Amino acid sequence: VLQTNKFNKKIKKLYPKEKKKLDEVVKLILKDPFLGEIKKSDLSGIRVYKFKIQHQLLLLGYIFDSEKQTIILIAFGSHENFYRNLKR
């Protein structure tokens, strides 16, 4: 599992309970990398998994490289501007 710098910076802002929930989601993705919905067009190749923390819907964007068997965690956050920021 690899993480982008953008992903690491957002993790540092989370509370411990939120980090724990995010770790659980990452473990789920490790077990089944095809859980996330694959995106098309500008975001082709990126998968997005939706989950909730304290009644707030969050999205986790990642790439699964089947050849190298690695998962690259790109970004997570609320739905607002998530896809726009992911394109950057």
Side-chain angles (χ1 to χ4, degrees):
V1 176
L2 303 173
Q3 300 173 349
T4 62
N5 289 336
K6 185 178 184 180
F7 190 85
N8 281 332
K9 287 178 184 176
K10 284 199 95 169
I11 287 177
K12 292 177 183 177
K13 296 178 184 178
L14 293 177
Y15 292 108
K17 287 184 179 181
E18 295 171 335
K19 284 183 185 179
K20 185 177 178 182
K21 178 65 177 176
L22 184 62
D23 287 342
E24 291 172 9
V25 170
V26 171
K27 287 177 185 176
L28 278 175
I29 292 172
L30 282 173
K31 289 180 184 175
D32 184 9
F34 300 104
L35 271 179
E37 179 184 337
I38 193 157
K39 295 300 168 184
K40 300 174 186 160
S41 187
D42 293 346
L43 300 173
S44 63
I46 296 177
R47 294 182 172 272
V48 175
Y49 182 73
K50 297 178 181 180
F51 64 101
K52 287 189 176 185
I53 292 181
Q54 298 177 358
H55 307 293
Q56 182 179 8
L57 181 67
L58 296 175
L59 290 85
L60 173 65
Y62 66 96
I63 297 173
F64 174 61
D65 186 354
S66 58
E67 293 176 10
K68 297 179 183 177
Q69 293 294 313
T70 57
I71 295 174
I72 302 168
L73 302 173
I74 301 172
F76 74 95
S78 63
H79 191 278
E80 183 180 346
N81 299 325
F82 179 77
Y83 294 107
R84 183 196 69 197
N85 293 339
L86 197 56
K87 286 181 187 179
R88 294 183 189 169

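Fair warning: this is a prediction, and the values are worked out from it, not measured in the lab. Just so you know, residue 1 is the first one in the sequence shown, and it goes up from there.
Between the CD atom of E18 and the CG atom of L22 there is a distance of 9.5 Å, given to the nearest 0.5 Å. For the atom pair CG (N8) and NZ (K13), the distance works out to 12.5 Å, reported to the nearest 0.5 Å. Interatomic distance, L2 CG to K68 NZ, rounded to the nearest 0.5 Å: 9.0 Å. Separating the NZ atom in K52 from the NZ atom in K21 is a distance of 10.5 Å, to the nearest 0.5 Å. The structure places CG of N5 at 10.0 Å from CD of Q3, a figure rounded to the nearest 0.5 Å.
A donor-acceptor pair under 3.5 Å links the side-chain atoms of Y62 to the main chain of G36, judged by distance alone. Of the possible donor and acceptor atoms, none in the side chain of S78 sits under 3.5 Å from a partner among the backbone N and O of L58. Counting only distance, with no hydrogens or angles, the side chain of Q69 and the backbone of S66 share a donor-acceptor pair below 3.5 Å.
Counting non-hydrogen atoms of neighbouring residues, nucleotides and ligands closer than 6.0 angstrom, the NZ atom of K19 exceeds 12 such neighbours. Counting non-hydrogen atoms of neighbouring residues, nucleotides and ligands closer than 6.0 angstrom, the CZ atom of F34 exceeds 12 such neighbours.
None of L59, N81, L43 except one satisfies the side-chain contact (heavy atoms from CB on, under 4.5 Å) rule with L86; the exception is L43.
Taking all atoms of both residues into account, the shortest heavy-atom contact from G61 to F82 is N-CZ, 3.7 Å. In this structure, L60 and V26 approach most closely via the heavy-atom pair CD2-CG2, 4.5 Å.
Remark: E37 engages K39 in a salt bridge, criterion side-chain N to carboxylate O under 4.0 Å.
One hydrophobic cluster holds both V1 and V25 under the rule that ILVMFWY side chains link at heavy-atom gaps under 4.5 Å. Hydrophobic cluster membership differs between L35 and I72, with clusters built from Ile, Leu, Val, Met, Phe, Trp and Tyr side chains linked at under 4.5 angstrom.
Between Y49 and F51, the ring planes lie parallel to each other; the angle is under 30°, not in the 30° to 60° tilted range.
Judged by a 6.0 Å distance limit and a 45° cone about the ring axis, K10 is positioned over the six-membered ring of F76.
Between K6 and N85 the shortest side-chain heavy-atom distance falls below 4.5 Å.
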